[in-house]
2 protein chains.
Amino acid sequence: MYKLHYLNMSYCYDHPRPAVATDIVLFSIREGRLMLLLVKRAHEPFAGAWALPGGFVGIDENLETSALRELEEETGVTGVYLEQLHTFGESDRDPRGRVISVAYYALTPSDRLYIHAASDAKAVAWFALEDLPPVAFDHEKVVNMAHRRLVAKLDYSTIAFQFMPEMFTLSELQAVYQIILGEELDKRNFRKGVLAMSCLEHTNERRRNGNHRPAQLYRLKSPGRVEFIK
Amino acid sequence: MYKLHYLNMSYCYDHPRPAVATDIVLFSIREGRLMLLLVKRAHEPFAGAWALPGGFVGIDENLETSALRELEEETGVTGVYLEQLHTFGESDRDPRGRVISVAYYALTPSDRLYIHAASDAKAVAWFALEDLPPVAFDHEKVVNMAHRRLVAKLDYSTIAFQFMPEMFTLSELQAVYQIILGEELDKRNFRKGVLAMSCLEHTNERRRNGNHRPAQLYRLKSPGRVEFIK
DNA sequence: CTCACTTAGTGTATAAGTTACACTATCTGA
DNA sequence: TCAGATAGTGTAACTTATACACTAAGTGAG
């Protein structure tokens, strides 16, 4: 039976502490599919297996900072939209000992992705969500929760805009929604819906590609990537 | 600049680790108000100040277990509904050093509350949410997030049922919603709504108190306290 | 230069869901 | 038996969501 006292620091010094890590589920839309970024582990345990990018939190490092740093170190990806997902702390989730993982999910537009294996990750690659390889630790659980959160937030937030580049057409935006939701949406209702949020403004530019009418380019109204409804 | 490797355990042993704690925001409806449980701190820092119940996580202890244990040790309260809220990890949130806190919120019906100051808490007391004393650390932020979450979940989940005793009348349930939302609800629409969820069944018992028509008693349909929509 | 092709862009009628609203029912206690 | 108190019930108006088909504006080939 534990006999710990609340914020009695003697416990802090006298007892072994769990390690604290961050893990990141980075989503992006690529090749018309919802994909996420995995790194190939170089070391035991699970050496050679795919896993979420992540790593241990520095003693004076904020959690978000840690997540962004690990992501950059292992994959070279920066400038993503980041949100905390859940903290996974089952005492047996890491075979080497107690590791508590604060999981984040991140979103990035498809045009801002250059990735490279770095740090001690052997390789970095994008995988379609519905076609994941086996992953290390409890990372499948983390990925599933991140996906459920993403789908849920599509309905009541503007989170999907984080997948879009600076300027985009309404058809492109609709395609993103359809990919994440896995269903077709009605074009007119979709446009009515997103314009009713009144967080889009149309630029004076158009996208002309292919032998057809060029599409109006839109951007987010308020400067920066704002989320209006949490 | 950090040079940490992902799950390279050498980091774990070579570097100082943050302490990990759990904090619990326990809500209940009392005296017609939404209240939460605070403990008076016995030790520095913030000795004598009110704070959320909580404490350090044991090295082999699951996070939920830790939260429930701390709650019981410090306040005597058991058997609550518990859900993870958020993990607070700002590097300066505790004056003594790095403490990462996994915050939970908990709900309990008003009839199952016996509280007593225990462990090294000087005192334990319920406070109305809109009339909180100054609280230690970043606990005000934690409380605010817990409250927002609670209000948000009223709309799309059956979480409010966790405030109810085994059997309750629809008027009592409506009162709970009104207290949490801070607004009056239409009686007929409310009853239509909750009955449409079809997770209530009416018992054959009635509550007769006061000089008026007795009310039908309901209970949750499925055994246990189930939440249907996460 | 015009025609075939491709995607962009637009409005309306119906269905579904939400809101507003007032009276009768049933019990207690004087 | 009557006054007082809370329980319990339905409907019409309004708002929101859904289903649905054609015209517009480019490109490129013949």
Side-chain angles (χ1 to χ4, degrees), chain A residues 29 31-32 110 151-158 160-161 164-165 167-219 228-229, chain B residues 29 31-32 110 151-158 160 164-165 167-179 181-219 228-229:
Chain A
I29 308 284
E31 303 162 20
S110 352
V151 169
K153 290 202 83 163
L154 275 205
D155 259 354
Y156 64 93
S157 80
T158 58
F161 293 13
M164 308 310 294
M167 291 196 230
F168 51 88
T169 70
L170 294 185
S171 296
E172 289 164 351
L173 185 61
Q174 182 178 348
V176 165
Y177 272 82
Q178 291 180 159
I179 289 163
I180 302 171
L181 295 173
E183 60 181 335
E184 299 268 298
L185 299 174
D186 180 84
K187 200 209 292 196
R188 280 174 288 194
N189 293 338
F190 178 80
R191 291 161 109 91
K192 232 182 297 174
V194 297
L195 293 176
M197 299 190 303
S198 63
C199 52
L200 291 182
E201 61 186 5
H202 66 267
T203 66
N204 290 324
E205 292 177 65
R206 305 173 142 215
R207 173 157 302 160
R208 55 204 161 284
N209 62 331
N211 53 338
H212 56 80
R213 175 175 179 175
Q216 187 61 248
L217 283 166
Y218 288 79
R219 74 159 76 87
F228 296 95
I229 314 161
Chain B
I29 308 284
E31 302 162 20
S110 353
V151 169
K153 291 202 80 163
L154 274 204
D155 259 354
Y156 64 94
S157 80
T158 57
M164 308 310 292
M167 290 196 229
F168 51 88
T169 70
L170 295 185
S171 295
E172 288 164 352
L173 184 62
Q174 181 178 349
V176 165
Y177 271 83
Q178 292 181 158
I179 288 162
L181 294 173
E183 59 181 335
E184 300 267 298
L185 300 175
D186 180 82
K187 199 208 296 197
R188 279 173 291 192
N189 294 339
F190 178 80
R191 293 161 107 91
K192 231 182 300 174
V194 297
L195 293 176
M197 299 189 303
S198 61
C199 52
L200 292 182
E201 60 184 6
H202 65 266
T203 66
N204 291 324
E205 292 176 66
R206 305 172 141 215
R207 172 155 302 159
R208 54 203 161 286
N209 62 331
N211 53 337
H212 56 81
R213 176 174 175 174
Q216 187 60 248
L217 282 166
Y218 288 78
R219 74 160 77 87
F228 296 95
I229 313 162

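The sequence lines fix the lettering, A, B, ..., with proteins before strands; numbering per chain opens at 1. The structure displayed is predicted, hence computed values, not measured ones.
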Item to check | Length of the line joining A:Glu183:CD and D:dA17:P, which is rounded to integer Å | outcome: 15 Å
Please list each protein N or O that sits under 3.5 Å from an N or O in nucleotides 28-30 of chain C, with the distance.
none

Item to check | Parallel, tilted or perpendicular: ring planes of A:Tyr218 versus A:His202, cut at 30 and 60 degrees | outcome: perpendicular
Checklist entry - Do the side-chain N or O atoms of B:Ser171 get closer than 4.0 angstrom to the phosphate oxygens (OP1, OP2) of D:dT6? => result no
Checklist entry - Between B:Arg213 and D:dA5, is there a side-chain N or O to OP1/OP2 distance below 4.0 Å? => result no
Item to check | Separation of A:Met164 CE from A:Arg219 CZ (nearest 0.5 Å) | outcome: 14.0 Å
Next on the checklist: Using 0.5 Å steps for rounding, measure from the CZ atom of A:Phe190 to the CG atom of A:Leu173.
Outcome noted: 4.0 Å
Item to check | Spacing of B:Leu217 atom CG and B:Glu201 atom CD [to the nearest 0.5 Å] | outcome: 12.0 Å
Checklist entry - When the distance from NZ of B:Lys187 to C1' of C:dT18 is rounded to whole Å, what number comes out? => result 20 Å
Checklist outcome for this item: Between CZ of A:Phe190 and C1' of C:dT10 the distance, given in whole Å, is 16 Å
Item to check | Distance in angstrom units between A:Glu172 CD and C:dA8 C1', rounded | outcome: 12 Å
Item to check | Interatomic distance, B:Asp186 CG vs D:dG10 P [rounded to whole Å] | outcome: 14 Å
Checklist entry - Has the side chain of A:Lys192 got a donor or acceptor that lies under 3.5 Å from a partner of the other kind on the base of D:dT16? => result no
Item to check | Euclidean distance, atom CG of residue A:Leu170 to atom P of D:dA24 [Å, nearest integer] | outcome: 20 Å
Checklist outcome for this item: Testing D:dT18, C:dA20, C:dA8 for proximity to the side chain of A:Asn189, the answer is D:dT18
Checklist entry - In Å, rounded to the nearest 0.5 Å, how long is the span from CZ of A:Arg206 to CE of A:Met167? => result 14.0 Å
Next on the checklist: Nearest to the side chain of B:Pro214, heavy atoms from C-beta on, is which of D:dT18, D:dA24, C:dT26?
Outcome noted: C:dT26
Checklist entry - How is A:Arg206 classified with respect to the nucleic acid when contacts are heavy atoms under 4.0 Å: base, sugar-phosphate, or nothing? => result sugar-phosphate
Item to check | Side-chain donor/acceptor of A:Arg188 to base of D:dA21, under 3.5 Å | outcome: yes
Checklist entry - Out of curiosity, A:Arg191 CZ to A:Leu170 CG, how far, rounded to the nearest 0.5 Å? => result 4.5 Å
Next on the checklist: Could you tell me how far apart B:Gln216 (CD) and D:dA7 (C1') are, to the nearest whole angstrom?
Outcome noted: 10 Å
Checklist entry - OH of A:Tyr218 versus C1' of C:dA8: gap in Å, rounded? => result 10 Å
Next on the checklist: Please find the pair of heavy atoms, one from B:Tyr177 and one from B:Ser157, that lie closest to each other, and give the distance.
Outcome noted: OH-O, 4.1 Å
